[in-house]
Amino acid sequence: MTFTFRRLAEPDFPLLAGWLARPHVARWWHHETSAEAVARDFGPAARADEPSDDLLALLDGRAVGLVQRCAFADYPEYRAELAAVVPVPAGAVTVDYLLGDPELLGRGLGTAMIGAALELAWAELPDARCVLVPVVAANRASWRALERAGLRRVGAGELTPDNPVDDPLHYVYRVDRPSVTSQDGI
């Protein structure tokens with residue numbers, strides 16, 4: 001099982017809209033799923049007009065999910081909101097993620113996808129010192145996947161939820177860039 005990633009492109013929008021409409025995704029992502037809304041919300045990153053990365057997650061070459069990645073420095077309001085809960089160091093980035101097919105849930109694939117996305121972040125973002133991920137406390141499957149991927153809970157507090165039906169309580173998870181030692185041969 002190998003995860004690879006590529007930038008989300010406009011031809012992927014119908015697939016993404018289908019994923020966003022599925023109940024297990026819609027519950028937590030709370031996005032409009034019309035073609036216009038998906039183009040509006042994901043088009044800027046797909047065209048690299050925005051400093052975030054929307055990455056299509058491929059499992060053995062098959063599109064199975066999405067990983068969004070951004071640096072907090074590029075989104076000062078988001079950084080300020082999170083900094084009220086936990087320290088947000090310079091160079092901190094965040095990820096968000098989804099698996100589109102409900103048949104893939106509960107098999108460890110979310111954890112594997114998160115782990116692969118972290119490896120990619122370390123490789124592509126040399127200034128990234130850590131990854132911080134706020135997740136609504138009620139989304140147990142999501143924060144358990146983060147824990148299994150090696151992130152540790154570093155705080156809890158109120159943040160604006162993606163879905164207005166959710167309580168604002170979020171857990172915040174963190175993983176630091178792996179240390180490079182002389183034993184690594186680098």
Side-chain angles (χ1 to χ4, degrees), residues 1-71 74-75 78 93-121 124-125 131-149 151 159-168 170-173 175:
M1 160 176 69
T2 302
F3 275 98
T4 56
F5 301 90
R6 68 165 172 79
R7 181 177 289 279
L8 184 73
E10 290 187 28
D12 303 315
F13 290 176
L15 173 65
L16 179 59
W19 289 344
L20 292 169
R22 292 190 172 174
H24 76 282
V25 176
R27 169 63 186 91
W28 304 110
W29 278 66
H30 195 65
H31 269 272
E32 293 177 49
T33 58
S34 69
E36 297 79 17
V38 171
R40 176 194 68 223
D41 295 341
F42 295 90
R47 294 186 303 273
D49 292 341
E50 191 171 311
S52 64
D53 297 311
D54 289 344
L55 305 171
L56 196 66
L58 308 167
L59 177 61
D60 297 329
R62 176 181 157 229
V64 297
L66 179 76
V67 173
Q68 292 184 310
R69 179 179 73 190
C70 71
D74 292 327
Y75 296 89
Y78 185 34
V93 300
T94 191
V95 296
D96 202 355
Y97 41 85
L98 66 85
L99 283 173
D101 185 344
E103 292 181 15
L104 299 176
L105 302 177
R107 298 172 41 196
L109 295 176
T111 298
M113 182 176 72
I114 293 165
L118 293 173
E119 288 180 25
L120 185 67
E124 291 184 349
L125 305 173
V131 174
L132 290 170
V133 182
V135 61
V136 69
N139 192 348
R140 187 176 196 282
S142 183
W143 54 261
R144 288 292 296 140
L146 290 169
E147 290 173 352
R148 287 189 300 271
L151 285 85
L159 299 168
T160 305
D162 290 333
N163 190 333
V165 304
D166 285 320
D167 185 88
H170 282 67
Y171 297 142
V172 182
Y173 284 82
V175 64

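Everything quoted here is computed from the prediction, not taken from an experiment.
Remark: Pro51 pairs with Asp74, Tyr75 by the side chain to side chain contact (heavy atoms under 4.5 Å, CB included) rule, at least two apart or across chains. Under the rule for a salt bridge (charged side-chain N to carboxylate O under 4.0 Å, His left out), the partners of Asp53 that lie at least two apart in sequence or sit in another chain are Arg7, Arg69. Legend: residues meeting salt bridge (charged side-chain N to carboxylate O under 4.0 Å, His left out) with Arg6, ordered by chain and number and at least two apart, are Asp12. In this view, Glu119 satisfies the salt bridge (charged side-chain N to carboxylate O under 4.0 Å, His left out) rule with no residue, not counting sequence neighbours. Listed by chain and residue number, Glu32, Ser34, Arg40 satisfy the side chain to side chain contact (heavy atoms under 4.5 Å, CB included) test with Ala37 (two or more places apart in sequence, or in another chain). Partners of Thr33 by side chain to side chain contact (heavy atoms under 4.5 Å, CB included), not counting sequence neighbours, listed by chain and number: Leu20, Ala21. Legend: residues meeting salt bridge (charged side-chain N to carboxylate O under 4.0 Å, His left out) with Arg27, ordered by chain and number and at least two apart, are Asp166. Under the ring pair (Phe, Tyr, Trp, His ring centres under 6.0 Å) criterion, Tyr171 pairs with Trp143, not counting sequence neighbours. In this structure, the side chain to side chain donor-acceptor pair (under 3.5 Å) partners of Thr160, at least two apart in sequence or on a different chain, are Glu81. For Arg47, the side chain to side chain donor-acceptor pair (under 3.5 Å) test picks out Asp49, with sequence neighbours left out. Residues satisfying the side chain to side chain donor-acceptor pair (under 3.5 Å) criterion with Arg140, sequence neighbours excluded, are absent altogether.
Residue pairs meeting the ring-ring contact (aromatic ring centres under 6.0 Å, His included) criterion with at least one partner in residues 7-47, sequence neighbours excluded, are Trp29-His31, His31-Phe42.
Not a single donor-acceptor pair under 3.5 Å links the side chain of Thr94 to the backbone N or O of Cys70.
Here the rule is side chain to side chain contact (heavy atoms under 4.5 Å, CB included) with Tyr97, and of Leu55, Leu66, Leu146 only Leu146 fits it.
Considering CG of Leu8 and CG of Leu15, their distance stands at 8.5 Å, rounded to 0.5 Å. Note: Glu50 CD to Asp41 CG = 9.5 Å, rounded to the nearest 0.5 Å. One distance of note links CG of Leu132 with CG of Leu151; it measures 9.0 Å at 0.5 Å rounding. Here CG of Asp162 is found 6.5 Å from NE2 of His170. Values are rounded to the nearest 0.5 Å.
For the residue pair Ala149 and Gly115, the shortest heavy atom distance occurs at CB-N, 4.3 Å. When every heavy atom of Pro168 is checked against every heavy atom of Pro161, the shortest pair comes out as CA-CD, 4.2 Å. Residues Arg22 and Pro102 share a closest heavy-atom pair of NH1-CD, 3.3 Å. Of all non-hydrogen atoms in Leu159 and Pro134, the two that sit nearest each other are CD1-CB, 3.6 Å.
Residues Leu109 and Leu99 meet the side-chain proximity criterion, which asks for heavy atoms closer than 4.5 Å.
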